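All of these numbers come straight from a predicted model, not from anything done at the bench.
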Number of protein chains: 2
Amino acid sequence: MDTRERLIESARELLWERGYVGTSPKAIQQRSGAGQGSMYHHFHGKPDLALAAISRSAEELRARAEAQFSGPGGVVDRITAYLRRERDVLKGCPVGRLTQDPEVMSDPALRGPVAETFAWLTGRLAGLLAEGREGGELDTRLDPAATASALVAVLQGGYVLARAAGSPEAYEQAVDGAVGLLTAHVRRPAGGA
Amino acid sequence: MDTRERLIESARELLWERGYVGTSPKAIQQRSGAGQGSMYHHFHGKPDLALAAISRSAEELRARAEAQFSGPGGVVDRITAYLRRERDVLKGCPVGRLTQDPEVMSDPALRGPVAETFAWLTGRLAGLLAEGREGGELDTRLDPAATASALVAVLQGGYVLARAAGSPEAYEQAVDGAVGLLTAHVRRPAGGA
DNA sequence: GTCTATACATTGATAGAC
DNA sequence: GTCTATCAATGTATAGAC
């Protein structure tokens, strides 16, 4: 991994752990093993490097989610697999975390990837739910868009509960609750993969 | 309002807007109109003042929630009223926000009020749901504890979605989705206040 | 109780040698 | 491309006068 790459990966880790305000260029340099001048050679400054890091985290989140959404099984199976996928629960969501950072939200360039990620995620889930409803797997009374938002919110809020409690179980309980509520809307099992 | 009080209120606002790492003693002093020495006379330092501010925000959240929980109507009415209560959605949750702050979570004193708040909130909601189930208002298949966690998570995650989208509508959509899912578990309308 | 002065570390960046 | 100065501003306090 070259210097530029190490800088991006170190910035990603630190943004995840400490957010934008809590992450200094110096800390990024030390974690990556790069010197002062090296960082400023590859990037214009902290915002520029942060943009590279945020964009990559957003892409990664999307790719990992898509892997579950396009997997085998019925719509409810795939959504449940996504919710229950193994996660670093106590570390929180590397993208959702950034919504709490005023400096990220006030900079359109940094904010862009965050906004796009959640727009895509809720849209993709809404599409799956609509598919399940049309295929007869889900109750017709279920509102795909609203339900999709609620499911993404349970994930993001589950991280908050887990961090507050200091235990991943709080996340799992929230997901159990969401899956339990969703299950009441299942009309018939999926027709298999 | 005396100086000590103005310091606490200014710290509360800044912690809400910018988090612990993003809030400097200097900024608190300027917002409150107090001088350097004045702040260090009333508090031992930043963590001490932050503890006072966090404790008060936690108490306030609890009081406001309890006002809805002990209000009129059936269990589902009261929970829905709580979820749909008017909120400064784009500002986020003053307590939940702190879970993203590594310096808050690593200090047991600062973390305490945050952990207690969410433990109380999910417990209180679980109690209401259990009450609704025993009274015949809710389906017996509904798991009170898991559902309570999911509802609190929808709130916290709804804030994240709203901030990402830059609009309170994202929060409202998530709440609509949660209420829609919960409604499927209602067996009969509540017996009135 | 409040003020001003002082202090020392960190932040975010630039300059210029190599 | 990377390194070592250097820098002005900010962060988080302490000291001591009033």
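- The CD1 atom of B:Ile28 sits 17 Å away from the P atom of D:dT10 (whole-angstrom rounding).
- Under the 4.0 Å criterion applied to side-chain N and carboxylate O atoms, A:Glu9 and A:Arg56 are assigned as salt-bridge partners.
- Separating the NE2 atom of B:His41 from the P atom of D:dA15 is a distance of 16 Å, rounded to the nearest angstrom.
- Distances were taken from every side-chain heavy atom of A:Ser38 (C-beta onward) to each of C:dA13, D:dA13, D:dT2; the shortest belongs to D:dT2.
- Side-chain atoms of B:Gln36 lie closest to D:dT14 of the nucleotides C:dT11, D:dT14, D:dG11.
- Looking only at distances, no side-chain donor or acceptor of A:Thr147 sits under 3.5 Å from a matching main-chain atom of B:Gly177.
- Ionic pairing of A:Arg31 and A:Glu13 is present here: one or more N-O contacts between side-chain nitrogen and carboxylate oxygen are shorter than 4.0 angstrom.
- A:Gln29 places its CD atom 14 Å from the C1' atom of D:dA5, with the value rounded to the nearest Å.
- Of the candidate nucleotides D:dA13, C:dA13, C:dT11, C:dA13 has the atom nearest to the side chain of A:Lys46.
- Remark: C1' of C:dT4 and CE of B:Met39 are 16 Å apart, rounded to the nearest angstrom.
- A:Gly37 comes within contact range of at least one nucleobase, with a heavy-atom separation under 4.0 Å.
- A:Asp48 places its CG atom 15 Å from the P atom of C:dG12, with the value rounded to the nearest Å.
- Neither OP1 nor OP2 of D:dG1 sits under 4.0 Å from any side-chain N or O of A:Thr3.
- At a threshold of 4.0 Å, the pair B:Arg84-B:Glu172 does not count as salt-bridged, since none of the basic side-chain nitrogens sits closer than that to a carboxylate oxygen.
- Per the geometry, CD belonging to B:Glu5 stands 14 Å off P belonging to C:dG1, to the nearest Å.
- Atom-to-atom, NE2 of A:His44 to P of C:dG12 comes out at 18 Å; the value is rounded to the nearest Å.
- Distance from the side chain of A:Tyr40 is smallest to C:dG12 among D:dT14, C:dT11, C:dG12.
- When atom types are taken as modelled, the side chain of A:Arg6 and the backbone of A:Ser32 share a donor-acceptor pair closer than 3.5 angstrom.
- In terms of phosphate contacts, B:His42 brings a side-chain nitrogen or oxygen within less than 4.0 Å of OP1 or OP2 of C:dT2.
- The distance between atom CG of A:Leu14 and atom P of C:dG12, rounded to the nearest whole Å, is 12 Å.
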